[in-house]
Participant: 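Handing you a structure now.
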Protein chains: 2
Amino acid sequence: MTTVEERENLSATDSTLNPRIVPLPVDPKLRKVQDDFIRKWGEMGAIWGINRTMAEIHALLYITGLPLCTDDVMDRLHISRGNASMSLRALCDWGIIRRMHRRGERREYFESLGDVWEMFSIIAAERKRREMDPVLETIKQCIRELEPDRIGKLAEDEAFRRTRQRLDGMEEFMSVTNKIFQQFVGNAKSGLNKVVRVLLKAL
Amino acid sequence: MTTVEERENLSATDSTLNPRIVPLPVDPKLRKVQDDFIRKWGEMGAIWGINRTMAEIHALLYITGLPLCTDDVMDRLHISRGNASMSLRALCDWGIIRRMHRRGERREYFESLGDVWEMFSIIAAERKRREMDPVLETIKQCIRELEPDRIGKLAEDEAFRRTRQRLDGMEEFMSVTNKIFQQFVGNAKSGLNKVVRVLLKAL
DNA sequence: TTGAATATTCAGTACCTATTGAAACTTTAG
DNA sequence: CTAAAGTTTCAATAGGTACTGAATATTCAA
């Protein structure tokens with residue numbers, strides 16, 4: 001971690017060189033709260049299907065509400081440059097953080113989306129696409145392969161009937177779930193979206 | 001895997017000893033369909049927060065709709081006794097498969113719940129308890145720690161205000177989500193439950 | 001109580017994912 | 001163009017989770 005010292009030496013001797021927008025040292029009380037949040041968010045990355053480091057970086061950007069650069073992230077979370085770089089890129093790919101250029105600055109900054117609803121919509125959309133859609137496709141394929149014209153008189157066999165029944169149950173469930181996701185994901189640009197408003201009113 | 005042969009030799013010489021309720025060999029067409037389903041379900045275990053083997057065992061029990069014993073599972077999925085035992089127990093703990101005794105039989109059998117809605121309710125309830133509740137608790141704790149009477153005049157500081165704002169946004173989101181889960185989980189004993197019916201009507 | 005059938009546990013290992021850190025690459029100011 | 005700043009890549013490896021299979025425990029019929 002020589003980079004840190006180097007950078008701090010530089011700022012000490014010439015504070016206009018490589019100035020970070022927000023110095024990392026922060027009021028200890030605030031910092032504790034932020035760290036608690038970051039830790040928990042990291043542990044719970046599983047909910048998102050995201051690994052710990054990615055979750056922590058996101059948590060840091062979200063909770064501070066500031067654009068931070070790679071070095072800020074490295075310093076605050078004690079992770080390597082490579083890790084920070086890859087994870088930041090992955091978060092950008094997900095679309096829940098964004099790159100930010102500052103006029104006249106070389107360094108790139110990253111900031112989190114501020115709207116939680118939008119963030120979760122994005123995540124939901126992506127996971128639906130990656131995880132639910134393929135399963136639904138497989139199930140439909142399975143049902144097709146068990147259609148009577150493919151299996152002939154075996155269609156009456158007990159084992160076939162049971163399996164087809166189970167496939168039907170699963171298909172119904174996933175189709176309905178899919179539709180709901182679609183809605184949630186579709187009009188979710190900001191704030192409580194339609195799905196949620198409908199539910200809150202009705203319950 | 002000597003166990004398999006031993007067991008099969010036994011059945012060959014004395015078919016009343018250790019009879020498995022359903023012989024594993026199954027019509028190849030049906031078997032292919034079941035295997036496709038099992039494979040995909042295993043790959044997608046992540047959705048559930050469950051590992052591949054557990055997901056595959058569950059898929060097998062679900063798709064066949066039959067009570068199977070540990071050896072059936074081992075043979076069909078080519079996994080070790082230890083693995084089968086641990087995974088079956090974990091699935092029982094989740095509550096999505098059940099142990100079954102057959103009168104006059106020593107061996108234990110396992111069968112999957114048949115109602116997909118009930119299964120997912122159970123899973124949702126468990127994940128909410130394990131994953132969402134602790135995060136919400138942490139967030140509330142963070143908000144408490146940033147209350148003006150704890151941090152005094154710092155409450156007006158820009159950094160504090162931003163962090164508090166972010167915490168509030170997250171809290172709103174998670175509280176609402178939590179309520180919806182609660183409903184889904186509460187009255188979900190069977191079939192399309194209230195939450196889903198409300199949504200389907202409204203959308 | 002005994003022993004055969006069955007079930008569970010767990011130390012060791014295989015396998016896989018995440019992380020590091022140094023080298024290679026890119027960009028821009030001068 | 002060159003040097004300095006910044007970014008990305010990737011081989012090596014650390015670290016963690018899942019799996020095996022033999023040892024141990026449990027159950028039940030006789």
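Letters go in sequence order (proteins before strands), and every chain restarts at 1.
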Participant: Between P on D:dG21 and CG on B:Asp71, what's the gap in Å once rounded to a whole number?
Facilitator: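 It is 15 Å, rounded to the nearest whole Å.
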Participant: Are B:Thr70 and C:dT6 close enough that a side-chain N or O sits under 4.0 Å from OP1 or OP2?
Facilitator: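 No, B:Thr70 has no side-chain N/O under 4.0 Å of OP1/OP2 on C:dT6.
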Participant: Between A:Glu158 and A:Arg161, does at least one N-O distance fall below 4.0 Å, as a salt bridge requires?
Facilitator: yes
Participant: Roughly, in whole Å, what's the span from CZ in A:Arg52 to P in D:dG16?
Facilitator: 9 Å
Participant: Give one of base, sugar-phosphate or nothing for B:Asn83, where a contact means two heavy atoms less than 4.0 Å apart.
Facilitator: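 It contacts base atoms.
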Participant: Would you say A:Ser85 places a side-chain N or O within less than 4.0 Å of OP1 or OP2 belonging to D:dT8?
Facilitator: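 True: A:Ser85 side-chain N/O within range (under 4.0 Å) of D:dT8 OP1/OP2.
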Participant: Within this structure, what is the CG-CZ distance for the pair A:Asp71 and A:Arg81, rounded to the nearest 0.5 Å?
Facilitator: 4.5 Å
Participant: Distance check needed: C:dA7 C1' versus B:Tyr109 OH, whole Å only.
Facilitator: 14 Å
Participant: B:Met54 has an atom CE; how far is it from atom P of D:dT17, in whole Å?
Facilitator: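 So the CE-P distance, B:Met54 to D:dT17, works out to 15 Å.
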Participant: What integer distance in Å separates A:Leu88:CG from C:dT19:C1'?
Facilitator: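 Result: 14 Å.
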Participant: Can you check side-chain hydrogen bond (donor to acceptor under 3.5 Å, both in side chains) on B:Gln141 and B:Glu145, steps first, answer last?
Facilitator: CA-CA 6 Å; B:Gln141 176 62 25; B:Glu145 289 184 23; 2.9 Å; yes
Participant: Can you measure A:Glu108 atom CD to C:dT28 atom P for me and round it to whole angstrom units?
Facilitator: 10 Å
Participant: Rounded to the nearest Å, what distance is computed from the CE atom of residue B:Met86 to the P atom of nucleotide D:dA18?
Facilitator: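 Those two atoms, CE and P, are 10 Å apart.
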Participant: Establish, with yes or no, whether the OP1 or OP2 oxygen of D:dG6 is under 4.0 angstrom from a side-chain nitrogen or oxygen of A:Arg107.
Facilitator: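 So the side-chain polar atoms of A:Arg107 do come within 4.0 Å of the phosphate oxygens OP1 or OP2 of D:dG6, strictly under.
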Participant: Report the distance from atom CD1 of B:Ile57 to atom P of D:dA18, rounded to the nearest whole Å.
Facilitator: 13 Å
Participant: Quick one: the side chain of B:Arg106 and the base of D:dT27, do they pair up donor-acceptor inside 3.5 Å?
Facilitator: yes
Participant: Looking at B:Arg89, I'd like to know whether one of its side-chain N or O atoms comes within less than 4.0 Å of OP1 or OP2 on C:dA7.
Facilitator: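 No.
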Participant: Would one find a side-chain N or O of A:Arg81 under 4.0 angstrom from OP1 or OP2 of C:dG21?
Facilitator: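 No, because none of the side-chain N or O atoms of A:Arg81 sits under 4.0 Å from OP1 or OP2 of C:dG21.
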Participant: Run the numbers on B:Gln34 and A:Thr163 for side-chain hydrogen bond (donor to acceptor under 3.5 Å, both in side chains), then give the verdict.
Facilitator: CA-CA 8 Å; B:Gln34 293 178 341; A:Thr163 292; 2.9 Å; yes
Participant: Among D:dA4, D:dC19, C:dT19, find the nucleotide with the atom closest to the side chain of B:Thr53.
Facilitator: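 Among D:dA4, D:dC19, C:dT19, the one nearest the side chain of B:Thr53 is D:dC19.
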Participant: Tell me, yes or no, whether the heavy-atom count around B:Arg52 atom CZ, taken from other residues, nucleotides or ligands under 6.0 Å, exceeds 12.
Facilitator: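 No, the 6.0 Å shell around CZ holds no more than 12 heavy atoms from other groups.
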Participant: Can you figure out which of D:dC19, C:dT8, C:dT19 approaches the side chain of A:Asn51 most closely?
Facilitator: C:dT19
